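This report concerns only the one structure given below.
The structure presented is a predicted model; accordingly, all values stated were derived computationally and were not measured. In what follows, chains are A, B, ... by sequence order, proteins preceding strands, each numbered from 1. Atom set for the values below is all heavy atoms of this structure, side chains included, hydrogens, waters and symmetry mates excluded.
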There are 2 protein chains.
Amino acid sequence: MVSIVSVAKVAGVSNKTVSRVINGEPYVTEETRERVERAIRDLGYVPNMAARQIRSSRSNTFGIIADYVSTTPYSVDIVRGIQDWANANGKTILMANTGGASEQEIKIWKMFQSHRIDGVLYVTMYHRIVDPETGDVGIPTVMINCRPRTSELLPSIEPDDYQGAQNLTRYLLERGHRKIGYIRLNPILLGAELRLDAFRKTTGDFGLAESDLSIRLGMEGPVGAEKNYVFAAATEMLQQKDRPTAIMSGNDEMAIQVYIAAMAMGLRIPEDVSIVGFDDFRTVSLALRPELTTAALPYYDLGLQGAELLNSVVAGSEVCPSSRVMSCNLVERLSVCSL
Amino acid sequence: MVSIVSVAKVAGVSNKTVSRVINGEPYVTEETRERVERAIRDLGYVPNMAARQIRSSRSNTFGIIADYVSTTPYSVDIVRGIQDWANANGKTILMANTGGASEQEIKIWKMFQSHRIDGVLYVTMYHRIVDPETGDVGIPTVMINCRPRTSELLPSIEPDDYQGAQNLTRYLLERGHRKIGYIRLNPILLGAELRLDAFRKTTGDFGLAESDLSIRLGMEGPVGAEKNYVFAAATEMLQQKDRPTAIMSGNDEMAIQVYIAAMAMGLRIPEDVSIVGFDDFRTVSLALRPELTTAALPYYDLGLQGAELLNSVVAGSEVCPSSRVMSCNLVERLSVCSL
DNA sequence: CAGACGCATGACAACGTCGACATATTTTTC
DNA sequence: GAAAAATATGTCGACGTTGTCATGCGTCTG
């Protein structure tokens with residue numbers, strides 16, 4: 001393999017001078033620099049990261065440890081955000097999935113250690129509370145889309161489910177809807193409670209009574225084996241004599257069944273019933289007809305900001321473990337009409 | 001940082017002996033081995049991969065270079081398959097996305113080189129033909145879900161779109177359907193032609209005439225900015241006086257709109273019209289009501305087998321660049337009825 | 001014009017690991 | 001019971017890089 005030494009030989013300088021050129025250090029004549037650069041090009045030399053790391057004990061590598069993230073349609077944008085940041089900042093990304101198994105998780109932390117990772121991004125598929133099995137490794141860590149149960153205060157970046165749901169609810173209220181249905185997310189998800197709270201609070205603030213609301217559970221059970229009541233819940237909701245004029249679906253995926261339930265009863269969307277989702281899971285939100293009005297989970301930015309934050313933590317410039325929250329912008333499409 | 005030397009000091013042996021214990025080499029007394037292992041545990045020692053690599057010039061690392069893979073709901077299972085294989089076989093995975101930009105691609109190959117990657121898995125989101133910008137790096141490469149345009153004959157692993165579509169078509173024919181509609185995938189995808197061919201050929205073999213078929217284009221245009229005609233195409237197809245009793249949708253995502261189009265016309269699924277998809281993109285196929293009968297793209301296995309194949313290529317045991325094809329199993333659900 | 005300074009370059013060691021080889025100890029063999 | 005073989009452990013150097021320090025040379029200052 002071509003190393004710094006071969007380059008030095010060809011360029012007729014010492015290896016240290018080559019090193020200087022590579023790292024853009026000062027005190028190299030323009031003429032020498034050019035000779036070295038030519039040699040590098042001619043030999044196709046590429047610096048060896050492993051050697052660098054061993055010398056400097058910094059790997060310039062971040063690890064992503066994810067539960068099912070890279071595995072599922074959802075939230076892969078988090079990973080994309082991280083990768084884009086890494087690419088732009090010359091960092092390398094090592095990625096691993098636990099698949100939910102905690103022995104896996106321990107193994108992965110070991111692996112990260114053995115690569116002398118600078119920091120870890122702990123990412124979850126759904127917004128939730130976790131118990132990271134860090135194995136007391138002491139690698140700087142930032143949580144993305146989740147929050148540690150224990151008070152060990154790792155910095156985290158999360159979506160603002162509350163604000164997103166509040167916006168959606170307001171959007172419906174401002175368009176004259178006064179009977180509104182809500183299909184609840186799986187209660188094990190952190191977003192479930194936040195979104196429901198926002199829905200209740202916001203409708204309450206607008207003067208709606210509990211009897212104006214129609215709230216049903218759409219899903220429950222462990223991730224990957226949940227029971228799905230959405231279709232039944234939506235059907236039942238729409239069969240009431242005093243049926244809601246708008247339904248807020250816990251997320252976009254569930255909205256598919258709300259659409260189908262409504263259409264099976266001969267209701268037109270949005271003329272007879274307005275529907276909103278949550279997440280802006282575009283494979284769904286853009287595929288539905290009419291396209292779905294929803295609140296966009298800021299997955300990409302979650303990843304970008306998370307990497308950024310981790311970087312400052314590693315650099316030591318971030319002292320107190322801060323938790324940031326990112327807003328969920330409303331994406332207006334065609335599934336809601338004004339009354 | 002705790003290194004092999006500190007362990008040796010604590011255990012009262014030479015560093016080479018520690019190395020022997022770590023690598024399970026013979027010629028170590030049981031007693032010594034235990035003493036060393038205790039020291040390792042006590043100090044929390046973890047071997048330094050970079051040092052290992054520099055010593056052995058093997059990184060035990062594979063790189064994944066993907067177009068948009070980790071980025072999209074689709075095909076992320078390929079990555080999961082690769083990761084699971086890597087995890088089981090003690091390899092590390094470095095992952096990068098081009099986002100479709102070829103300067104990015106060159107940059108990524110450079111990065112891979114600098115990490116002295118053992119091999120590369122070139123993965124695409126959609127089944128298609130590509131021109132990999134390997135930059136003549138000469139790292140062993142396996143293509144997954146795609147095939148190089150040039151004849152440079154890199155080994156590849158691809159899904160068997162033809163066989164999958166054949167199975168789906170037969171399935172419909174065997175259940176008595178004789179008027180069948182087909183909504184075509186974006187023609188830029190390799191699967192589009194294969195699936196359509198299989199559909200035509202199989203219906204032909206069963207004695208159906210071209211006039212029994214109703215074929216419409218569902219999508220076209222560049223990835224990420226395609227024009228979507230699915231809803232219109234399905235609507236038009238079903239408005240024909242001699243409308244098809246079954247519709248084959250180019251993929252599951254498109255099936256959402258076929259469902260909605262049918263329901264908007266008051267048709268029941270599957271009583272009035274049967275529908276099948278392709279891909280088994282479960283967020284969709286399981287969310288639809290009735291659940292969608294489809295052919296499963298073997299994404300996970302594509303990844304698993306790809307990693308396995310790359311491994312043998314790297315080890316040099318695979319001489320001729322072989323191309324494998326993996327079958328798409330039919331997943332029977334409830335969206336088809338027998339006539 | 002001597003000393004000080006700035007610039008350009010090189011020599012060398014060290015990072016953590018393991019392969020090659022050497023040495024020491026025990027066991028087997030005839 | 002001595003030589004041969006097998007087992008157990010250690011010494012040393014090399015991998016590719018960069019930080020530290022040293023050196024050589026030209027220029028400026030007073």
For nucleotides 10-21 of chain C, give me one character per nucleotide, 5' to 3': B if any protein heavy atom sits under 4.0 Å from the base, S if the only such contacts are to the sugar-phosphate, - if neither. BB--BBBBBBB-
Partner of A:D67 by side chain to side chain contact (heavy atoms under 4.5 Å, CB included), out of A:N97, A:V123, A:N145, A:T98: A:T98
Look at A:T32 and C:dT9 and indicate whether a side-chain polar atom (N or O) is within less than 4.0 Å of OP1 or OP2. yes
Given side chains that start at C-beta, do those of A:L94 and A:F62 come closer than 4.5 Å, heavy atoms only? no
Residues 33-44 of chain B vs salt bridge (charged side-chain N to carboxylate O under 4.0 Å, His left out), sequence neighbours excluded, gives B:E31-B:R35
Respond yes when some side-chain nitrogen or oxygen of B:Y27 is under 4.0 Å from OP1 or OP2 of D:dT7, and no when none is. yes
Calculate, to the nearest 0.5 Å, the distance between atoms OG1 and CE belonging to B:T61 and A:M49 respectively. 13.0 Å
Exercise: identify the closest heavy-atom pair between A:V18 and A:A8: CG2-CA, 3.6 Å
For atom CZ of B:R33 and atom C1' of D:dT7, their distance in whole Å: 13 Å
